[in-house]
Each structure stands twice: as C-alpha cells, then as structure tokens.
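Before any comments, here is the structure.
So that the names make sense, note that chain A is the first sequence line, chain B the second, and so on, each numbered from 1. Small disclaimer: the values here were computed from a predicted structure and weren't measured.
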Amino acid sequence: MNVFAEVEGKVLDALAGLQKAGALPEGLDFSAVAVEQPRDPSHGDLACNAAMVLAKAAKAKPRDIADKLAAALTADPDVASAEVAGPGFLNLRLHPQFWHGVVKAIIDQGARFGASNVGQGAKTNVEYVSANPTGPMHVGHCRGAVFGDALANLLAFAGYDVTREYYINDAGGQVDVLARSVFLRYREALGEEIGEIPAGLYPGEYLKPVGAALAKEHGSSLVNMPEERWLPLVRTFAIEQIMPMIKDDLAALNIKHDIFFSEASLTKGSEDKVQAAVAELRKKGLIYEGRLEKPKGHDDEEWEDREQTLFRSTAFGDEADRALMKADGTYTYFAGDVAYHYDKLTRGFRHLINVFGADHIGYIPRMLATVAAFADGTVERDAKGKLKHWHTTGGTADLDIKVVNLVKLFKNGEPYKMSKRAGTFVTLRDVVDEVGRDPVRFMMLYRKELEQLDFDFAKVTEQSKDNPVFYVQYAHARAASVLRNAREAFPDLVFADGGTVVANLDLLTDAGELDLIRKAAFYPSLIAGAAKAHEPHRVAFYLYDLASAFHGHWTRGNDLPQLRVIQAGDRALTAARCALVASLQHVLSSGLSVLGVGAPEAMR
RNA sequence: GAUCCCAUAGCUCAGUCGGAUAGAGCACCUGCCUUCUAAGCAGGGGGUCGCAGGUUCGAAUCCUGCUGGGAUCGCCA
C-alpha cells in the first residue's frame with residue numbers, strides 16, 4: 001500500500017472526470033502531476049501540484065483548475081477536506097480511518113511493507129568492492145562495500161532482480177608482485193633467512209601463513225625452479241589463499257556476493273573474451289589503429305609515441321580514445337574491463353551499476369563509453385560535448401556509476417592518520433572489531449555517497465542520542481520493549497491475529513499518533529524513490545526522522561499519562577496503540593534490514 | 001595544462017520530479033526524571049542556500065560565467 005500512489009490515482013481519476021465533463025481539455029500530459037508531503041503540516045496531509053503544472057496547457061488559471069479539482073475530490077469518501085492554497089496547491093486532508101488503514105496494511109504485509117515493483121524484475125548487476133586480491137581489505141574499501149551492499153538490498157526490495165558481483169583483478173602486474181612476495185615468504189617458511197622485504201614487494205605479515213601453506217603443499221620443489229615456471233603457480237595459489245581472507249572481511253560486514261568474476265578467466269580457456277569483445281566493437285566501427293597525444297601534467301619520461309589499437313571512446317564523450325594493447329602485445333587493464341562489461345551484457349543484465357572510489361573518477365567516461373557502445377545507448381552530453389551524468393541512457397542496457405568519496409578517520413575528534421610504515425595501517429577488520437558491524441554500516445550510509453565522510457571511532461559507539469545508529473536502534477528496541485510490557489499488563493492481549501488487525505483502530509485519535517502513521521505511510525514512496533535514484537542514504541535519514549517522531553511522541557506520555565501506550569484500565573485502547581507501535585517497529589526493522597543494520601529487541 | 005566533485009545556520013550535513021515561510025543534529029540558552037527505558041523529550045536564538053546573470057507562475061534545485069576547497073590524469077591495476 002502506497003498512500004501517495006493511491007491518492008495520486010484519486011487525483012488522476014478526478015482529472016479524467018473533469019475532462020469528460022468538459023471542464024478540462026482533452027490530451028493533457030499528466031506525467032508531472034504529483035502528490036507529496038507538504039513540509040508544513042498546516043497545509044494538510046498531502047498536497048497536489050496538478051493545477052499549476054496543467055494551467056498552461058489547459059489555458060486556465062491554476063486556482064480555477066484547483067477549485068474544480070477540489071470539488072471533485074471532496075466527493076471521495078477518504079477525503080475529509082480539499083482546499084486550494086497559495087499559487088494553486090490543492091491541500092488534502094484524509095479521514096483518520098484512511099490512516100488507520102495504513103496501520104492495518106503494515107501489520108498485514110509485515111516485512112513486505114515498503115516492497116514495491118518499481119524494478120519490474122529487471123535483471124540488475126551491482127558490482128562493488130572489487131578490491132585487488134593482494135591482501136586483507138583496508139578501511140578505504142569499507143564505504144564502497146557497505147554502499148554497494150545496501151544499494152543491492154534496496155534494489156532487491158524495490159523489485160529488481162539483483163546480482164551482487166565482485167571483479168577479481170587477478171591478471172595484472174600487482175598479482176605478480178603478490179606472487180613474488182609470497183615466494184619470498186615461502187623461502188622463509190623453508191628456513192631461509194630473507195632479511196628485509198625488498199621495496200616493491202608487499203611486506204605484510206599476512207603473507208607469512210600463505211608462504212607456509214605453499215611450503216606445506218610443495219615442499220622445497222619450487223626453490224630451484226626458474227621464475228617463469230613458479231610464478232603462475234604461486235600466483236594462483238596466493239589468490240586462492242587471499243580471496244577467503246577478503247570474503248571473511250566482507251562477511252564481518254554481512255556482505256556476500258553472488259558472483260566473483262575473475263579477470264584472468266577472460267583470456268583463459270578456449271575462447272579469448274577480450275578478442276571477442278574487441279571484434280564486436282570493431283564491427284561497430286569503433287576500433288582503429290592510431291596515435292595518442294602525450295598526456296599533460298605528467299613528467300612522463302617513458303612516454304613513447306607509437307601506433308596502437310584504440311577504442312573510439314570520444315564518440316561517447318570521453319576526452320581521449322583509449323588504448324587496448326600494451327607495447328608488449330598484452331591487453332591493457334581497460335581491455336579486460338571492456339570484455340568484462342561485454343560479458344555482463346551478454347548475461348542479460350538490463351541495468352549495470354558500478355561502485356567506484358573517488359580515485360577512479362577519471363575512469364568513468366571510458367566505462368560509460370564502453371557500455372553505451374555495446375548496448376547502443378547514449379551518454380548524455382551538454383552543448384560543448386562534456387559529460388552531463390555518470391550514467392548511460394537508452395539502448396538495450398544502461399550503466400550507472402556511483403562514486404563513493406573518501407572517509408576521514410577520527411578518534412575523539414583528532415584526525416587518525418594512517419601509515420603503513422608507522423604501523424597504524426587500518427584494516428577493515430580492525431574497524432569492525434573495534435566499533436561493531438552496525439555502527440560501521442549505518443554511519444557509512446548516513447551521508448550522501450559523493451560527500452566526504454568523517455568517521456570517529458569514539459563517537460560511533462557512544463550510547464546516546466548524539467549517535468544516530470544508537471538513536472534509531474533504540475527506537476526499535478523501545479517499541480519491542482513496550483509491546484513486551486503490554487503483554488505483561490494484559491497477558492492475553494491480542495491486537496492482531498495472523499496479520500489481521502483485530503484491535504479497534506478508531507481509538508487512535510491523538511494528533512501525535514496520526515502523525516506517526518503518516519510518517520510510516522511514507523515508507524513505500526521513500527523506498528521507491530531511493531531505489532530509482534540509487535541513493536540508499538535516504539533510507540538512513542528517513543529512519544532517523546521516524547525514530548525522532550517516535551521518541552517525541554513517547555516522551556509526551558511523561559506529562560500526559562493518557563497518551564501512554566499501556567493504559568491499565570483500558571484493554572481496547574492499549575491494543576489499538578500496540579498495533580500502532582508494532583507497525584512502527586515493522587517499518588524500523590524493515591529499513592534497518594535494507595541498510596544491513598541489526599534491529600535489536602533490547603539495548604542492554 | 002585538462003577534467004571531475006564539492007560549496008546550505010558558528011560546526012557536521014539533509015533537502016524527494018522545480019513548489020508554499022529553506023530543515024535536522026552538534027554547540028549555546030531555558031525547562032522536563034517517585035514515570036511504558038530521561039540511553040529520552042519540549043522550547044529559544046542563529047541564513048545574502050559561495051558570487052553574478054539567465055530560464056518560469058515558482059529556483060538551494062535547471063542553464064551560463066566566475067570564486068574558493070578537494071580529487072584525478074598513464075601502454076598501473
């Protein structure tokens with residue numbers, strides 16, 4: 001049940017009626033007609049902009065249209081009043097019974113309340129984390145991981161068919177460095193004195209067990225092999241050892257991907273997927289042999305001007321065409337990504353979402369170009385040819401690139417500097433272990449993803465109203481607590497029977513109670529809007545607002561005992577209020593689960 | 001050099017598809033605990049939405065040009 005959609009339906013019906021009666025011309029575009037929550041409660045429960053957006057096309061004054069619309073809507077049994085205000089707003093008030101119906105719907109639908117079908121089951125791929133498999137995850141990966149996961153939850157809840165995917169960069173130079181580092185630890189494990197780890201190799205202690213495991217499996221058989229023989233072997237072994245570490249780190253954040261896609265697999269086996277993808281682009285006339293200009297702003301002594309295989313990404317708003325082959329004849333990283341995205345498209349995904357760190361912003365235009373090229377879509381540009389958005393439109397599939405900004409670490413307000421050398425390198429696991437999964441997840445989402453985020457180790461574990469995580473979880477626990485107490489006061493209290501409310505909700509007459517219902521009723525629209533915009537942070541802010549309204553109403557019961565949920569002498573009223581509290585608890589719990597944050601029954 | 005992001009209260013930030021008198025938290029001031037969890041709540045002061053134009057019934061929101069802060073640039077992944 002989405003009250004906004006429902007009331008919008010009433011408005012559209014009324015408009016159609018006016019057209020039939022000749023009060024409005026035929027052929028009007030109603031797509032801009034919207035029903036929304038007015039900011040000022042004195043403007044009613046819901047407001048509609050129909051008269052203003054239709055005035056021009058209908059060649060009528062907004063207030064005249066609004067007057068006719070108001071008259072038509074007043075006839076609706078759910079509508080208590082319809083008033084015209086301001087430049088032509090239509091302010092609607094609905095009967096309490098309508099709002100009571102929302103409580104019934106929430107309890108009836110339970111965890112499904114808020115779920116929608118805006119996604120229409122469209123196959124959607126969310127690629128996130130994709131950290132290099134060279135060691136445990138560090139704190140820098142945290143925000144993208146949580147964001148991607150919450151976005152995937154949100155989209156699934158809104159009716160998209162979501163696949164969570166991780167692209168393993170297991171083919172480039174970095175994994176060769178990993179293999180050499182592990183080989184050193186392998187020799188160490190066999191008793192060799194290896195001394196200081198040479199510059200350019202990974203010094204981390206976490207590679208010691210990997211080296212030891214390698215020694216256990218192969219004994220000393222690799223020691224005298226030439227590097228070209230042991231390297232591929234050790235590389236595969238190391239990645240097989242490290243990916244479980246990464247999966248463990250993700251599990252600590254409650255993150256589980258459906259697919260781990262190996263970059264190396266693109267060129268392994270019988271068919272070369274990179275070649276196939278490039279051939280596809282060539283068919284579209286987007287591959288050519290040519291030269292690139294030397295990049296500016298770099299002291300690049302190794303720059304070599306040569307003819308090379310290029311992808312014409314400038315056709316889609318990129319600032320330069322992009323190389324697909326290195327001088328040594330191997331593919332560039334980008335070529336692999338081209339093939340990877342081609343693969344995603346051939347797997348039938350309609351929507352692709354990539355979560356990038358802010359340090360990869362420069363990579364965005366070429367990825368948009370790649371997907372637009374394969375899917376015959378477009379990348380919107382302004383009059384000067386510059387990129388307007390970070391998503392493609394049209395075609396058989398689209399790509400949206402979400403960029404998460406930096407997280408600045410603090411401890412008690414003091415910047416917490418990370419340094420590998422000083423030993424204050426912070427792993428993701430360190431953070432989760434120190435503050436817990438819920439605070440990490442909630443705080444990472446309590447900010448628009450593109451904004452920088454301050455994360456204070458001390459503040460996020462504070463048990464006070466200054467900590468939004470605690471504040472929202474406390475509201476849920478408080479709801480659970482009052483329901484427990486109500487059952488104690490009335491041991492056989494029943495407010496709902498198998499999802500059907502049996503309490504008499506007509507007893508919910510207090511303005512604060514109705515306001516809480518109105519806020520809860522917004523949840524389905526909030527989910528749909530956040531999902532369409534790919535913005536999970538809206539859910540976090542909504543939950544904070546809802547929690548705040550609940551705490552406020554609760555405390556009013558201090559001064560006005562007649563507002564308290566549990567009324568010792570009045571079983572029917574207690575039951576009705578318990579139904580309201582239970583519905584709020586459902587919404588809080590649902591929103592928290594979209595964010596991947598726990599909803600505790602008690603805070604102690 | 002080029003490109004991108006950001007700019008809203010003293011601070012940290014929300015602001016739904018362009019909607020009415022721009023919101024919240026912190027901090028500051030004033031109140032509320034023999035009470036269903038005060039781990040909380042209510043009230044108050046605080047604004048040139050960076051600047052200048054434009055679009056329109058209406059702009060924090062869209063367009064153009066500036067200013068300030070941050071990031072990125074490769075045959076690296």
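- Within 4.0 Å of A/Ala47, counting heavy atoms only, lies at least one base atom of the nucleic acid.
- Taking 4.0 Å as the cut-off between side-chain N and carboxylate O, A/Lys448 and A/Glu535 do not count as a salt-bridged pair.
- Set against B/rA77, B/rG19, B/rC17, the side chain of A/Tyr363 has B/rA77 as its closest nucleotide.
- In this structure, the nucleotide among B/rU35, B/rA77, B/rU37 sitting nearest to the side chain of A/Asn132 is B/rA77.
- One can find a donor-acceptor pair under 3.5 Å joining the base of B/rA20 and the side-chain atoms of A/Asn91.
- Considering only the side chain of A/Tyr333, B/rA77 comes nearest among B/rC4, B/rA20, B/rA77.
- Paired with A/Tyr340 under the rule side chain to side chain donor-acceptor pair (under 3.5 Å), one option of A/Glu263, A/Glu165, A/Lys273 passes, and it is A/Glu165.
- Of all nucleotides listed (B/rG19, B/rA38, B/rU16), B/rG19 comes nearest to the side chain of A/Phe89.
- Nucleic acid contact class of A/Leu450 (heavy atoms, under 4.0 Å, all strands): sugar-phosphate only.
- Using a 4.0 Å heavy-atom criterion, one finds that A/Gly529 contacts no nucleic acid atom at all.
- Close to B/rG74, at under 4.0 Å from its OP1 or OP2, lies a side-chain N or O of A/Arg366.
- In B/rC33 the O4'-C1'-N dihedral to the base is within 90° of 0, which defines a syn nucleotide.
- Scanning residues 56-66 of chain A for heavy-atom distances under 4.0 Å to RNA chain B yields A/Lys56.
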### Message
Strictly under 4.0 angstrom, non-hydrogen atoms only: write out the protein contact profile of nucleotides 10-15 of chain B, one letter per nucleotide from the 5' end, B, S or -.
### Response
--SSSS
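- Picking from B/rC36, B/rA39, B/rA2 the nucleotide with the shortest atom distance to the side chain of A/Tyr474 gives B/rA39.
- Between the side chains of A/Asn405 and A/Glu449, no donor N or O sits under 3.5 Å from an acceptor N or O.
- Minimum atom distance to the side chain of A/Gln37 is reached by B/rU16, of the listed B/rA20, B/rU37, B/rU16.
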### Query
Tell me, for nucleotides 25-34 of chain B in 5' to 3' order, what letter each nucleotide earns: B for a base near a protein heavy atom under 4.0 Å, S for only sugar-phosphate near one, - for neither?
SS-----S--
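- For the P atoms, the distance from B/rC62 to B/rA7 is 11 Å, rounded to whole Å.
- If you take CH2 of A/Trp554 and P of B/rA38, they are 7 Å apart, rounded to a whole angstrom.
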